[in-house]
Amino acid sequence: MRAAIITAWNPQSEPLRPWQNRIRQRRLVRLLDANGYRFLRSCCGVDAWWEESLMVFTMNESAAVKLARQFGQKAFVYLDGRRVWLVYA
(Lines give C-alpha, C1' and ligand atoms only; values in the text may rest on other atoms or scores of the structure.)
Protein backbone atom coordinates (compact mmCIF):
# COMPACT_ATOMS: atom_id res chain seq x y z
CA MET A 1 0.00 0.00 0.00
CA ARG A 2 1.28 3.45 -0.91
CA ALA A 3 0.27 6.34 1.33
CA ALA A 4 1.51 9.67 2.61
CA ILE A 5 0.98 11.00 6.12
CA ILE A 6 0.89 14.76 5.80
CA THR A 7 -0.38 17.84 7.60
CA ALA A 8 -0.99 21.50 6.90
CA TRP A 9 -0.24 22.45 10.52
CA ASN A 10 2.65 24.67 11.60
CA PRO A 11 4.39 25.41 8.27
CA GLN A 12 8.19 25.34 8.41
CA SER A 13 7.83 24.07 12.01
CA GLU A 14 6.67 27.50 13.16
CA PRO A 15 3.78 27.15 15.63
CA LEU A 16 0.56 28.82 14.55
CA ARG A 17 -2.53 29.50 16.60
CA PRO A 18 -4.98 26.56 16.68
CA TRP A 19 -7.57 28.41 14.59
CA GLN A 20 -4.95 29.13 11.90
CA ASN A 21 -3.94 25.46 11.78
CA ARG A 22 -7.58 24.36 11.51
CA ILE A 23 -8.14 26.69 8.53
CA ARG A 24 -5.02 25.33 6.80
CA GLN A 25 -6.05 21.74 7.49
CA ARG A 26 -9.53 22.35 6.02
CA ARG A 27 -7.86 23.69 2.85
CA LEU A 28 -5.80 20.51 2.63
CA VAL A 29 -8.89 18.33 3.10
CA ARG A 30 -10.79 20.24 0.39
CA LEU A 31 -7.87 19.90 -2.01
CA LEU A 32 -7.61 16.15 -1.43
CA ASP A 33 -11.39 15.73 -1.83
CA ALA A 34 -11.35 17.73 -5.07
CA ASN A 35 -8.63 15.46 -6.45
CA GLY A 36 -10.41 12.24 -5.48
CA TYR A 37 -8.00 11.04 -2.79
CA ARG A 38 -9.22 8.86 0.05
CA PHE A 39 -7.74 9.59 3.45
CA LEU A 40 -8.04 8.97 7.16
CA ARG A 41 -7.65 11.64 9.78
CA SER A 42 -4.92 11.03 12.33
CA CYS A 43 -2.84 12.78 14.91
CA CYS A 44 0.95 12.60 14.85
CA GLY A 45 3.63 13.92 17.13
CA VAL A 46 5.92 13.43 20.05
CA ASP A 47 6.04 14.96 23.52
CA ALA A 48 4.34 18.37 23.44
CA TRP A 49 4.34 18.70 19.62
CA TRP A 50 1.18 17.12 18.15
CA GLU A 51 -0.49 17.93 14.85
CA GLU A 52 -3.60 16.79 13.07
CA SER A 53 -2.51 14.78 10.05
CA LEU A 54 -4.04 12.88 7.16
CA MET A 55 -3.06 9.46 5.87
CA VAL A 56 -3.62 9.82 2.14
CA PHE A 57 -4.01 6.52 0.28
CA THR A 58 -2.58 5.78 -3.19
CA MET A 59 -0.64 9.04 -3.33
CA ASN A 60 2.72 8.64 -5.03
CA GLU A 61 5.83 10.16 -3.51
CA SER A 62 6.25 12.96 -6.04
CA ALA A 63 2.64 14.12 -5.52
CA ALA A 64 3.21 14.03 -1.76
CA VAL A 65 6.39 16.13 -2.07
CA LYS A 66 4.49 18.70 -4.13
CA LEU A 67 1.68 18.80 -1.58
CA ALA A 68 4.07 19.10 1.36
CA ARG A 69 5.82 22.02 -0.31
CA GLN A 70 2.51 23.67 -1.14
CA PHE A 71 1.59 23.63 2.55
CA GLY A 72 5.05 24.67 3.77
CA GLN A 73 5.99 21.36 5.35
CA LYS A 74 9.62 20.37 5.87
CA ALA A 75 8.90 16.64 5.72
CA PHE A 76 6.21 13.96 5.68
CA VAL A 77 5.96 10.22 6.23
CA TYR A 78 5.66 7.99 3.17
CA LEU A 79 4.73 4.30 2.97
CA ASP A 80 5.89 2.62 -0.24
CA GLY A 81 4.36 -0.81 0.36
CA ARG A 82 7.50 -2.24 1.94
CA ARG A 83 8.98 0.48 4.13
CA VAL A 84 8.10 3.66 5.96
CA TRP A 85 10.16 6.71 5.04
CA LEU A 86 10.61 10.20 6.43
CA VAL A 87 10.82 12.29 3.25
CA TYR A 88 12.17 15.83 3.39
CA ALA A 89 10.33 18.19 1.10
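Each residue takes its place number in the sequence, starting with 1.
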Donor-acceptor contacts, no H, no angles, side chain residues 78-85, under 3.5 Å, sequence neighbours left out:
| from | atom 1 | to | atom 2 | distance (Å) |
| --- | --- | --- | --- | --- |
| Y78 | OH | M59 | O | 3.0 |
| Y78 | OH | E61 | N | 3.3 |
| D80 | OD1 | R82 | N | 2.8 |
| D80 | OD1 | R83 | N | 2.7 |
| D80 | OD2 | W85 | NE1 | 3.0 |

Quiz item: Of all residues at least two apart in sequence or in a different chain, which pass the side-chain contact (heavy atoms from CB on, under 4.5 Å) check with A68?
Solution: I6, Q73, F76, A89
Quiz item: Do M55 and V65 belong to the same hydrophobic cluster, where Ile, Leu, Val, Met, Phe, Trp and Tyr are linked whenever their side-chain heavy atoms lie under 4.5 Å apart, directly or via other members?
Solution: no
Quiz item: If you round to the nearest 0.5 Å, how far is CZ of R27 from CD of Q70?
Solution: 7.0 Å
Throw together a table of side-chain donor-acceptor distances under 3.5 angstrom for residues 33-49, partners on residues two or more places apart or in other chains.
| from | atom 1 | to | atom 2 | distance (Å) |
| --- | --- | --- | --- | --- |
| N35 | ND2 | L31 | O | 2.9 |
| S42 | OG | S53 | O | 3.4 |
| W49 | NE1 | E51 | OE2 | 3.0 |

Practice problem: To the nearest 0.5 angstrom, please state how far the OH atom of Y88 sits from the NZ atom of K74. | Solution: 10.0 Å
Quiz item: Where the side chain of N10 meets the backbone of S13, is there a donor-acceptor pair that is under 3.5 Å apart?
Solution: no
Exercise. Mind checking the CG-CD1 spacing from L28 to I23? Nearest 0.5 Å is all I need.
Key: 14.0 Å
Self-check item: V87 with I5, same ILVMFWY side-chain cluster at under 4.5 Å
Solution: no
Self-check item: Heavy-atom closest contact (L16 atom, P11 atom, distance)
Solution: CD1-CD, 3.4 Å
Self-check item: Pair Q25-T7, side-chain contact (heavy atoms from CB on, under 4.5 Å): steps then yes or no
Solution: CA-CA 7 Å; Q25 195 74 354; T7 185; 3.4 Å; yes
Quiz item: If only atom types and distance count, is the side chain of R2 paired as donor or acceptor with the main-chain N or O of F57 below 3.5 Å?
Solution: no
Practice problem: Side-chain contact test, heavy atoms from C-beta onward, threshold under 4.5 Å: evaluate it for E52 versus W9 and give yes or no. | Solution: yes
